[in-house]
Structure formats: structure tokens, C-alpha cells
Amino acid sequence: MKLTKVGKIVLVLAIIICIIGVIMYIRFDESKDIHNIISNEFYDIKIDFEKTKIKDLNNKIEEYIKNKENEFIAIVDESGKVQTSKYNLIINTETKEFKNLVSTHVLTFYFTGGAHYVREDITHVYNVDEKKYINFSGLLIKDSEDLLKNVVLKYLYKYGEEKGILFNDWQVEDGTKITDKNYENFYLDNNGLNILFPPYQVASWADGEVKITIPFEELENILKPEYMEKTIDTSVDINKPTERNLDDFKNKKLIAFTFDDGPNTSTTSRLLDGIKEYNAKVTFFVLGSRVNSHQEVLKRAYEEGNQIGSHTYNHLNLLLLSDSKIIEEISKTDEAIKNIIGTSPELLRPPYGNVNDNIKQLSSKYIINWNVDTEDWKLKDRNLIKENILKNARDGAIILLHDIYTESVEGALLAMEELEKEGYAFVTISEMAKLKGVTLDYNKTYFNF
Ligand code: ZN
């Protein structure tokens with residue numbers, strides 16, 4: 001078939017329109033994730049919502065987030081802005097997919113001057129095939145409640161034993177009754193049925209959340225058969241990174257670039273690609289709540305010789321938490337990271353840089369803050385971010401950035417290009433400490449080297 005000249009032009013135009021369409025779609029899609037940081041002298045708001053593949057679910061969650069934000073700001077306004085500690089709103093989401101189910105857990109914390117953070121848990125579970133939300137009872141074979149209750153108690157007491165929790169019988173009795181309300185927060189994965197009981201449902205507030213995983217072997221005649229089968233095991237081998245020969249950096253000025261609040265598959269991957277050009281290794285302070293949904297890129301970052309540190313699970317102000325909650329924030333993150341890279345982090349960057357001696361003691365990690373704050377989350381412009389880095393760059397600096405934003409990643413790469421010409425090398429925190437002859441100490445807070 002031969003195309004006429006007009007035909008050819010139409011065809012080329014059609015192709016161009018398609019390409020533009022795809023680009024726009026990808027952009028639009030990306031922009032729907034919400035990574036919001038608002039910080040002023042009265043409050044910090046941090047929203048971290050990753051959209052799911054279900055539009056209706058996304059709308060539902062976005063509306064919830066908007067309402068929470070408005071409520072929170074109204075409370076701040078009402079307070080007359082007289083506060084003992086900065087008010088704080090944190091919303092994180094975590095989505096799990098298993099077979100035809102998409103479960104999104106929305107976890108909200110707010111601190112508005114009470115004795116502690118207020119916590120709200122909501123999980124929406126969507127059945128993709130049936131195109132509708134399901135409740136917990138939708139998973140169960142009819143009349144299997146008694147069977148299930150026994151299994152739940154077995155795993156609950158096992159959990160209590162491991163964590164040293166003494167349950168109250170009346171609280172357990174009420175909190176484990178098989179109702180959709182009690183079992184609002186659940187998801188399935190290859191390990192079985194996971195049930196989260198928020199603080200105070202089955203244990204005291206101080207004991208924190210209780211999460212049990214019931215393996216499929218125990219769920220025979222309880223779960224509907226379509227939810228029973230395991231999917232393929234995706235666990236893969238981890239390649240231990242090779243250590244760099246630090247002699248190469250002996251006569252260089254050194255900078256440690258650090259990236260908080262990730263990982264985030266698209267932007268973190270771009271960063272990993274980009275830093276290769278400058279022989280750079282960087283340090284990631286990741287959020288436990290995000291690592292499960294960005295496993296591959298975290299594994300890649302580690303295997304390529306970058307350092308993985310902890311930024312806690314939910315990004316709460318640790319100064320406002322009880323000891324047991326501080327430990328929970330840190331140990332849950334350790335576990336999540338260890339599941340993916342086979343080792344727990346040695347470094348901790350406390351959210352907002354907030355730390356005291358008690359937190360240091362409880363964490364047993366090296367506390368790494370920063371001496372160059374790029375304010376990248378506020379600037380949102382690669383050139384301004386680059387300029388900010390260049391202006392403040394000096395030997396031994398620790399630079400704070402966030403790899404969840406495209407502009408931050410690009411700004412960092414632009415800065416590396418310039419700094420390399422000025423004789424800088426880019427190293428991880430551990431490499432920096434070694435090169436500077438510093439033996440890290442749990443009792444200190446490091447801002448630079
Ligand atoms: Zn952070």
C-alpha cells in the first residue's frame with residue numbers, strides 16, 4: 001500500500017500526538033501521588049499518598065486527606081497559635097496487592113497539644129474483579145467465625161509472648177470478636193492473612209499496635225478458597241555491594257549527599273542512574289512505611305554501594321512519643337529494610353532532626369543530621385536547588401535532600417556536575433567517617449565531618 005503525501009503527514013502527526021499523549025499521561029499520573037510537606041513555625045504537615053491503580057479508591061483517599069488537612073488547620077487556627085510543641089499532622093498510606101485484592105491502609109497521626117499523638121487507622125480493600133469494596137467478612141466461608149476466633153487468639157497470645165505484652169481478657173474478648181469493625185485493617189500476602197489491631201483495641205495504648213500474621217495452613221475452612229492460594233515467591237538473592245577503595249578519595253574534598261523520605265521508584269531510579277556519572281555514592285534515609293512498595297529500587301540502591309539509613313516508619317516527631325512507641329518506629333523500619341536488603345541500618349536520621357539523649361539510647365544507631373539544608377521541598381526548582389547546594393558546599397558537608405521529588409534529584413545531579421569540577425568527591429556517611437578518621441558514636445549527633 002502506498003501512502004499519499006497527505007496520508008504520510010497525517011500519519012506522522014498521529015504518531016506525534018500519540019507520543020505527546022503518552023508523555024502527558026505519565027506526567028499526569030505521577031502528579032497524582034501526593035508528597036506534601038508544609039512546615040511553618042506553628043505546625044508540620046506531611047502527607048505521603050501513593051496512588052493505587054483504582055481510581056475510585058484514590059478519590060476516596062484524596063478526599064479523606066483533604067478533610068483531615070482542613071480539620072487540622074482549623075484546630076491550629078482555633079488554638080490561637082499558642083503551643084507548647086509544634087502541632088503535627090502525618091498521613092501515610094501503604095498499599096498491598098494480592099491476587100484480585102488491593103488493600104490500602106491509611107494511617108493518620110495528629111498532635112494538637114494533647115498528651116500524645118492521636119492515631120486513626122482506615123483500610124480500604126477493593127476486589128478488582130468484582131469492582132467493589134469488600135469487608136473482612138467477605139473473605140470468610142460462612143459460619144467459620146468460631147474457627148477463626150480460635151486461630152486469632154492463638155497468634156495474638158504468641159505475639160504477646162514475643163513482645164512481652166500482658167493482655168486484658170476483657171479487652172481481647174471485645175477487640176477480637178469477629179466483626180467487620182474489629183477486623184477493618186487487614187490484607188493478604190504470601191505469608192497469609194495479616195490483621196492489624198490499632199493501639200487500644202486489644203492491648204494498652206502503651207503497648208502500641210498489634211499485628212498478627214496467620215499462615216494459610218491455619219486458614220483451611222476459614223478463608224474462601226479463592227483467597228487461599230499463594231502467589232509465586234518473589235524473594236530474590238541479594239548481592240552484597242563491593243566496598244570502594246577509599247585511597248582514591250584521600251586528596252579530595254568530600255560531600256555526603258543524603259536523601260530522605262523515600263524510596264520512590266521513579267525518582268530514586270533516576271538518581272541512581274545519574275550519580276554513576278560522577279562516581280558518587282549517596283545515603284538514603286528511608287521511611288519504613290514506603291520500603292515495601294518500593295522494594296526493587298531500595299535493593300538496587302544498596303547493591304550499587306549506596307548506604308541505607310533509617311528515617312523511622314511513620315515520620316513522627318520522636319520527641320512526642322513514649323519509649324515503646326519510639327522503639328516501635330525504629331524496629332519496624334529495621335525489619336522492613338532487613339527483609340529487602342538482608343541487613344538493618346546502622347544510621348538513623350530522626351524526622352525533623354529531632355533527637356535527645358533518650359532517643360539516642362533507645363535507638364542504638366548513629367544519629368546523622370545535616371549542616372546544609374537545601375529546602376528542596378520548598379524550592380521545587382532544580383536550578384535554585386543546585387545554586388543552594390553550590391553556595392553551601394564545603395569539605396565534610398552533609399547535604400539534606402529528598403529523593404521523592406524530581407526537581408530535587410535533578411538539582412542534586414546538576415550540583416554534582418559542578419562540584420566534581422571543583423575537586424569534590426561524593427561519598428556515603430560511612431565512607432566519609434572513615435576518610436575523616438571519625439569513629440562513629442551512638443551518643444553523638446553528627447551534622448558534618
Ligand atoms: Zn523527613
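Whatever order the structure lists them in is the order used to number ligands and atoms, beginning at 1. Bear in mind that the values here come from a model prediction, so they are computed numbers and not experimental data.
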- Item | Minimum side-chain heavy-atom gap N36-K46 below 4.5 Å |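 Counting from C-beta outward, N36 and K46 never come under 4.5 Å.
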
- Min side-chain heavy-atom separation R290-E50 under 4.5 Å: yes

- Query: Is the Zn ion (ligand 1) less than 2.8 Å from at least one N/O/S atom of D261?
  - Reply: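 Of the N, O and S atoms in D261, at least one lies under 2.8 Å from the Zn ion (ligand 1), which means yes.
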
- Message: Any N/O/S atom, side chain or main chain, of H311 closer to the Zn ion (ligand 1) than 2.8 Å?
- Response: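 Looking at H311, which is the residue asked about, there is an N, O or S atom under 2.8 Å from the Zn ion (ligand 1).
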
- Step through it carefully: locate the ring centre of F136, locate the ring centre of Y183, and say whether they are under 6.0 Å apart. yes

- Query: Are Y110 and F72 an aromatic pair by the rule of ring centers under 6.0 Å?
  - Reply: no

- Atom of H315 closest to the Zn ion (ligand 1), considering N, O or S atoms: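 That would be atom NE2.
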
